Amino acid sequence: MSLTTLFVGLELQSPVIVASGPASHDVNQIGLAEEQRAGAVVLKTACSDKYEHMRYWPRPRYKLLDWDKQIEGRSKMFSLYSYEQGYSGTLTDYWRLIEACKQHATIPIIGSIFADDPKDWERMAINVERSGADAIELDISSPHRPGTSEFKTTFVEAIRSVVNVMKIPVLVKLAPGPELVHQCLTAEECGASAVTLCNRIRGFDVDIESQGPILHGYFAGIGGPWAKYYTFRHVAEAAQAIKIPISGTGGTMSGEDVIKYVLLGATTVQILSVILINGWESIARINKEVEEYLERKGLDSLEQIRGKALEAMTHPDEIIRWSGESKTGPRNVWKDKPEGRRTT
Ligand SMILES: Cc1cc2nc3c(=O)[nH]c(=O)nc-3n(C[C@H](O)[C@H](O)[C@H](O)COP(=O)(O)O)c2cc1C
């Protein structure tokens, strides 16, 4: 039994990857991730020089919301609300960070970039590859991105132009939303090697005493254990539409969550909040929980159950429904209706 996972041509010792963010901003953190047996690390996203202001962060930049709210004294409900934009150094610092990570780490290092002009995307991607990264993730979905969060033509051009100049695999990180399957198909058509689903959403909170916004005074990224449920749905939909692999991200707190992502079709799972809250040991704990599951189910690898839950999914028209008058049990209301399946 093994957690070894083949993802975009890289052999990972675990499907659990450290997601881009404050836990992958420094070369020393890569050693910590490696010690805990992470499969790979996606480095903090570097922004193009046009967005230099995004390299400076407000203080404080995080707030845990609803941490004290318990459901029946058991389940901890919380949201991590944060405003942290790009990697805080220059682009030259970022290329050096990649080089240093590659010198010291044995696990794959995935660079992450953000720009808007396709030429900037391309230039930055070339530097990520030259610095030795094993893959690159295009962060076209940040909740802090200036402007609207539309999947603009520039992003489609960006994916295409980066893919054209890269030898290393290109991951595209997307935002949740009604257009997601279409965006996954577009990323696939443009030659992306994988999609990362999904980035956090943009949220907002206000303080009733001061009657104004909390923290820095503007919208912020928001996520928490609850976020996995909308990402599960997106991963399930995408897995049925695309052939390229999916890296699931959002709300993972346990091995059980990783297994669910895989059952829904993901190949790897990117985690961050659980590390920020419970520490680096979370990676080893999650790995262990997945291993225990494999052992209990008599499985050799997660590959054997990838997408399995999708096979058991029902079409909405086929859902067994109870009619009010039925004395005999559930029936398929559409099929049993004389005029056949309802289409509206
Ligand atoms: C404080 C913070 C900073 C983040 N910064 C980045 C980033 O720079 N680039 C990026 O692609 N995603 C970023 N993310 C999103 C994470 O990579 C991850 O996809 C998301 O938090 C969902 O996973 P989680 O629920 O396990 O935290 C950030 C998330 C947090 C909480």
Side-chain angles (χ1 to χ4, degrees), residues 15-26 29 33 38 40-48 51 54-65 77-89 94 97 110-115 124 128 135-145 149 155 170-176 194-203 215-216 220-232 234-235 246-258 260-261 266 268-280 282-283 285-286:
V16 180
I17 295 177
V18 177
S20 177
S24 54
H25 188 274
D26 181 293
Q29 294 169 312
V41 173
V42 185
L43 296 178
K44 176 73 190 167
T45 302
C47 304
S48 63
Y51 294 104
M54 288 171 64
R55 297 175 188 160
Y56 300 87
W57 305 337
R59 285 186 191 170
R61 62 184 197 274
Y62 308 140
K63 190 170 166 72
L64 269 179
L65 309 179
M77 227 259 299
F78 72 88
S79 294
L80 176 57
Y81 188 77
S82 67
Y83 194 73
E84 175 190 282
Q85 300 188 301
Y87 172 71
S88 63
Y94 195 69
L97 169 68
I110 303 173
S112 168
I113 57 169
F114 165 76
M124 289 170 75
V128 167
I136 185 165
E137 187 171 86
L138 309 185
D139 177 12
I140 63 171
S141 51
S142 168
H144 315 301
R145 200 158 52 72
S149 33
F155 290 134
V170 178
L171 284 62
V172 178
K173 187 166 181 178
L174 295 165
V195 285
T196 301
L197 309 180
C198 303
N199 213 324
R200 303 201 318 153
I201 50 176
R202 192 184 286 191
L215 293 182
H216 50 284
I222 192 140
W226 47 269
K228 58 181 172 264
Y229 298 107
Y230 67 72
T231 310
F232 284 165
H234 280 309
V235 167
I246 298 169
S247 192
T249 180
T252 302
M253 295 286 138
S254 64
E256 185 178 323
D257 297 333
V258 170
K260 287 184 183 183
Y261 269 118
T268 56
V269 178
Q270 297 189 19
I271 62 167
L272 176 58
S273 301
V274 69
I275 301 173
L276 300 183
I277 288 163
N278 291 333
W280 290 98
S282 309
I283 305 171
R285 172 181 57 82
I286 291 174

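Source: prediction; values computed, not measured. Atoms within a ligand are numbered from 1 in the order they appear, just like the ligands themselves.
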Quiz item: With sequence neighbours excluded, what pairs up with Asn278 under the side chain to side chain donor-acceptor pair (under 3.5 Å) test?
Solution: none
Quiz prompt | Partner residues of Tyr51 under the side chain to side chain donor-acceptor pair (under 3.5 Å) criterion, sequence neighbours left out | solution = Asp116
Self-check item: Check: Lys44 main-chain N/O paired with Ser24 side-chain donor or acceptor under 3.5 Å
Solution: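 It does hold such a pair.
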Self-check item: Listed partners of Pro225 passing side chain to side chain contact (heavy atoms under 4.5 Å, CB included), at least two apart
Solution: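 Per chain and number, Pro225 pairs via side chain to side chain contact (heavy atoms under 4.5 Å, CB included) with Phe78, Lys228, Met253.
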Quiz item: Within a strict 4.5 Å, meaning less than it, do heavy atoms of the Pro176 and Ile201 side chains meet?
Solution: yes
Self-check item: Contact residues of ligand 1, where a non-hydrogen atom lies under 4.0 Å away
Solution: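 Contacts of ligand 1 under 4.0 Å: Ala19, Ser20, Gly21, Pro22, Lys44, Thr45, Tyr62, Leu80, Ser82, Glu84, Gln85, Asp139, Lys173, Asn199, Arg200, Thr249, Gly250, Gly251, Ile271, Leu272, Ser273.
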Quiz item: Centroid-to-centroid, Tyr62 to Tyr81, below 6.0 Å?
Solution: no
